[in-house]
Every structure is written in structure tokens, then in C-alpha cells.
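What follows is a single structure, written as C-alpha cells, with notes after it.
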Amino acid sequence: MSKNKKVDEYISQSKDFAKPILKHLRELIHVACPQVVETIKWGHPHFEYKGPLCNMAAFNKHCAFGFWKAALMKEAVLLKEKNVEAMSHSGKLKSLLDLPKNNIIIARVKEAVLLNE
């Protein structure tokens, strides 16, 4: 797993509630795509594989996690129906309990990888 020290710093400087969420998402992204490259863009972590893949961010009271090509993903219609914000395709994440199940996150990352291929 190739980790970017700037992403480590971003996570360590995030609010305490956000750290486990960001760490968990990061781990699952690497499980789904071991070749992923981490970077910081627009002030928060982005993950790339043959182009932009997904991103995550921590705010004062919630975290966000989203996909660059979300409009092309299978669940795009569902996301629009839920009125989910563009930055976060999983809604406002305030704890690990707010995350979809691990297998769902991994499947979504793999779908995003396929879109980039």
C-alpha cells in the first residue's frame, strides 16, 4: 500500500470524530485498488487510478466521500433521488456507523476503477 504523507497529515489534523472514518475509507480504497495513488487536491485527499477516482474530506461536524465519475455509476439515479450532495455520495458521515457496508464501498471503488480503465 502506497501512502502519501500529506494524506497522513490531513487525517492527523482532522477532528477526532473524523479520523476513524477517513482511515477506514482510505484502507478500503486501497483494498479495492492496490495501485491507487494518493494526492491532496483542493485541500483534501484524492485517490487516482488512470485519472481521478474518488475523494474524501473532513469538515467541522461531518466527513464526505465521493466519486469523480459518480454520474456514470450504477447508483447514479439512486443518488439523485436521495438528493445527495455532489461532494459526498454517501451523505454526511458523522461516525463509522454512517458508512455503507465495507463490501458496498469496495464494490463502488472497483466500479470507479473500471470506469477509468
Return the [atom1] to [atom2] distance between [X] and [Y], rounded to the nearest 0.5 Å.
{"X": "L53", "Y": "Q35", "atom1": "CG", "atom2": "CD", "value": "10.5 Å"}
{"X": "K50", "Y": "L114", "atom1": "NZ", "atom2": "CG", "value": "10.0 Å"}
{"X": "L25", "Y": "L93", "atom1": "CG", "atom2": "CG", "value": "6.5 Å"}
{"X": "F65", "Y": "R108", "atom1": "CZ", "atom2": "CZ", "value": "8.5 Å"}

Indicate the atoms forming the closest heavy-atom contact of A64 with F59, along with that distance.
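It is CB-CE1, 3.8 Å.
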Measure across Y10 and A57 and return the closest heavy-atom pair with its distance rounded to 0.1 Å.
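Reported closest heavy-atom pair: OH-CA, 3.4 Å.
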Step-by-step side chain to side chain donor-acceptor pair (under 3.5 Å) determination, H62 to D98:
CA-CA 10 Å; H62 73 279; D98 294 330; over 6 Å; no
Would E117 and Y49 satisfy side-chain contact (heavy atoms from CB on, under 4.5 Å), going step by step from the backbone distance to the final call?
CA-CA 8 Å; E117 288 182 342; Y49 173 77; 2.9 Å; yes
Using a 4.5 Å cut-off on heavy atoms from C-beta on, say whether the side chain of [Y] contacts that of [X].
{"X": "N55", "Y": "F67", "value": "no"}
{"X": "E27", "Y": "I105", "value": "no"}
{"X": "L96", "Y": "F17", "value": "no"}
{"X": "C63", "Y": "L22", "value": "yes"}
{"X": "P52", "Y": "K69", "value": "no"}
{"X": "N102", "Y": "H24", "value": "yes"}

If only atom types and distance count, is the side chain of K19 paired as donor or acceptor with the main-chain N or O of S12 below 3.5 Å?
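The answer is yes, because a donor-acceptor pair under 3.5 Å joins these two groups.
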I'd like to know if the side chain of E38 and the backbone of N4 have a donor-acceptor N/O pair within less than 3.5 Å.
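The answer is yes, because a donor-acceptor pair under 3.5 Å joins these two groups.
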Indicate the ring-plane relationship of H30 and F47, choosing parallel, tilted or perpendicular according to the 30° and 60° boundaries.
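Geometry flag for F47 against H30: perpendicular rings.
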Using a strict 4.0 Å threshold on nitrogen-to-oxygen distance, state whether D8 and R26 make a salt bridge.
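So D8 pairs with R26 through a salt bridge.
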Check this for me, if you would: do K41 and E48 make a salt bridge, where the nitrogen-to-carboxylate-oxygen distance has to be below 4.0 angstrom?
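Salt bridge between K41 and E48, a charged N being under 4.0 Å from a carboxylate O: yes.
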Cluster check L72, V109: I/L/V/M/F/W/Y, side chain < 4.5 angstrom:
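Yes, L72 connects to V109 through the hydrophobic network.
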ILVMFWY network linking I29 to I40, side-chain heavy atoms under 4.5 angstrom:
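Both belong to a single hydrophobic cluster.
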Passes side-chain contact (heavy atoms from CB on, under 4.5 Å), W68 versus C54? Steps please.
CA-CA 5 Å; W68 192 258; C54 56; over 6 Å; no
Audit row: M56, I11, side-chain contact (heavy atoms from CB on, under 4.5 Å) steps and yes/no
CA-CA 10 Å; M56 62 185 189; I11 293 172; 4.2 Å; yes
